[in-house]
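Chain naming here is simple, since letters A, B, ... match the order of the sequence lines and numbering starts at 1 in each.
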Number of protein chains: 2
Amino acid sequence: MAEGGKPKRDTYRHGDLRNALIKAGLELAREGGPEAVVLRAATRHAGVVPNAAYRHFADRAALLHAVSQAAMAEAARTMEAEQAALPPADDPVAAARARFRAVGTGYLRFAQEQPGLFRAAFHVPGDMAHAAAETAAGAGGRTPFELLGAALDDLVETGLLPEDRRPGAEFLAWSAVHGLAVLLIDGPLRGLHPTQAQDAGRHVIDMIERGI
Amino acid sequence: MAEGGKPKRDTYRHGDLRNALIKAGLELAREGGPEAVVLRAATRHAGVVPNAAYRHFADRAALLHAVSQAAMAEAARTMEAEQAALPPADDPVAAARARFRAVGTGYLRFAQEQPGLFRAAFHVPGDMAHAAAETAAGAGGRTPFELLGAALDDLVETGLLPEDRRPGAEFLAWSAVHGLAVLLIDGPLRGLHPTQAQDAGRHVIDMIERGI
DNA sequence: TCCGAATGTGGACATCGTACACAAGGGTGG
DNA sequence: CCACCCTTGTGTACGATGTCCACATTCGGA
């Protein structure tokens, strides 16, 4: 009787299971966040038996970690795009400042446009120090953290940020922007109109510039 | 054969199951965060069959929500204690400023001392607007958010904060402090020595005061 | 060509959330 | 004082999940 119309593969080997699982996990995370990235669902999506995943990942946590890295890379890409979309400025000081702000607005835009991925990206399965891993980098080869660091360095170079305030500045900036992102996607500011959210973003970045 | 030595109750009714479940959930959350608050584990802990929970909570999410509220109340208590421990100051301006900072340091202290509860408190099961519910209040009857709001009001009253900057200020402050808390408990700043963490906290609060 | 290392399959188990039917007991109207 | 019923706890059951173990299939090199 009418065999299942599933897009089952004909070769015994899958060929690229690892990446297929990450991709599937990414889709699951996109809607539903980290807790939605379910091992069995991912393997199902890849047309493979659940256990096959264990040939490529130690356990669900390992898969989730890989998905998280991929999500971070997408965040980095959004941030890079935000910078790239900046109108060309001849004043290098203004340019550095604009690039710095773009890091923040790009981060916030990603959080709002892809809340599931955002949550997955910074879900921190007990080890987020890997925010520096190259698997988390965007097209330019930089992770979100590195993008922020570079923008801050530019601020120092152009004299916008006193050198003695540079150390640890990424943590101040990241704290504020990340906190707002959380407020926006599932805190009391959830469901804020995009324009208002943008306003809030500007306010927070203003605060950072003033207070850093 | 030696019947189980479990502290099983002799009355058919439990008497206070709802609270017992919340308490058990709180213990589970204390170590392990929100995902550790497992319905069956809580009922087991209360010496009751799993389904009994459904007489008091619609589902696991409802239980988790109650636990979250309780955790928030504990956060509020920590923050109140931080304020109460302030040395008495005769200068009302300095006092207002100190109370404001204590809100932030109390919040950060709670995050570091009780990371599991902290995560559970602000886990946001899709509806965190209830940060105002009275079940989330501390001994003084105020939730963490309300404590922050009151501290900001004091800043305005004492002239430390221009009135036109007051609206929305809680979100700026909350963003920065909450962001740092996340960085500290499971971000790149995890495992920072308590003294250094305190330094970081001071820096962030400095930034807020300057930039708010 | 043959064999071992990779990779995928099948079956099984413990645990979890939750639904449904049933039992026990406490409060209340008669 | 007692019978009834509503509340609360129990038993049994189901589907889903993560993961373990033994087995099958295939690929790549000696």
Side-chain angles (χ1 to χ4, degrees), chain A residues 3-4 6-29 31-68 116 120 123 125-127, chain B residues 3-4 6-29 31-68 116 120 123 125-127:
Chain A
E3 39 160 78
K6 296 297 159 63
K8 222 179 164 206
R9 103 206 81 97
D10 47 348
T11 56
Y12 185 74
R13 307 296 237 253
H14 177 287
D16 194 24
L17 223 202
R18 185 187 164 86
N19 286 92
L21 288 176
I22 294 181
K23 193 158 223 162
L26 219 41
E27 276 338 288
L28 292 172
E31 39 197 288
E35 56 271 23
V37 45
V38 163
L39 200 149
R40 288 178 106 111
T43 58
R44 229 175 285 141
H45 196 91
V48 106
V49 99
N51 283 342
Y54 288 88
R55 300 297 173 188
H56 302 272
F57 299 98
D59 53 11
R60 179 192 120 99
L63 168 59
L64 184 50
H65 182 67
V67 170
S68 166
H123 164 248
D127 198 352
Chain B
E3 39 158 79
K6 296 297 160 63
K8 216 170 171 216
R9 104 206 82 98
D10 47 349
T11 56
Y12 184 76
R13 305 300 238 263
H14 177 287
D16 194 24
L17 223 201
R18 184 189 164 87
N19 286 92
L21 289 177
I22 294 181
K23 193 159 223 160
L26 219 42
E27 278 335 290
L28 292 172
E31 38 195 289
E35 55 271 23
V37 51
V38 164
L39 198 151
R40 289 179 105 109
T43 59
R44 229 174 286 142
H45 197 91
V48 105
V49 97
N51 283 345
Y54 288 88
R55 298 297 173 188
H56 303 272
F57 299 98
D59 54 10
R60 180 192 119 99
L63 169 59
L64 183 51
H65 182 66
V67 170
S68 166
H123 163 248
D127 198 351

Extract from the structure each pairing of a protein N or O with an N or O of nucleotides 3-6 of chain C at less than 3.5 Å, listing the distance.
{"unit_1": "C:dA6", "atom_1": "N3", "unit_2": "A:R13", "atom_2": "NH2", "d": "3.0"}

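- Considering only side-chain N and O atoms, A:H56 lies under 4.0 angstrom from the phosphate OP1 or OP2 of C:dG8.
- Under a 3.5 Å cut-off, the side chain of B:R9 and the backbone N or O of B:A46 do not form any donor-acceptor pair.
- In this structure, A:L28 atom CG and D:dG18 atom P are separated by 10 Å, rounded to whole Å.
- Regarding A:L64, its CG atom lies at a distance of 15 Å from the C1' atom of D:dT17, rounded to whole Å.
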#### Entry: Derivation and outcome, side chain to side chain contact (heavy atoms under 4.5 Å, CB included), residues A:F57 and A:H65
CA-CA 10 Å; A:F57 299 98; A:H65 182 67; over 6 Å; no
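- Checked by atom type and distance alone, the side chain of B:S68 pairs as donor or acceptor with a backbone atom of B:A120 at under 3.5 Å.
- When atom types are taken as modelled, the side chain of B:R60 and the backbone of B:L39 share no donor-acceptor pair closer than 3.5 angstrom.
- By the 4.5 Å heavy-atom criterion applied to side chains, A:H123 and A:L64 are counted as neighbours.
- Going from atom CZ of B:R9 over to atom C1' of C:dA24 covers 12 Å, rounded to whole Å.
- Put simply, the side chain of A:R40 never gets that close to the backbone of A:P50: no donor and acceptor are under 3.5 Å apart.
- Residue B:L17 contributes atom CG, which lies 15 Å from atom C1' of C:dG25 at whole-angstrom precision.
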### Task
Determine, for nucleotides 16-22 of chain C in 5'-to-3' order, which nucleotides have protein heavy atoms under 4.0 Å from the base (write B), from only the sugar-phosphate (write S), or from neither (write -).
BBBBBBB
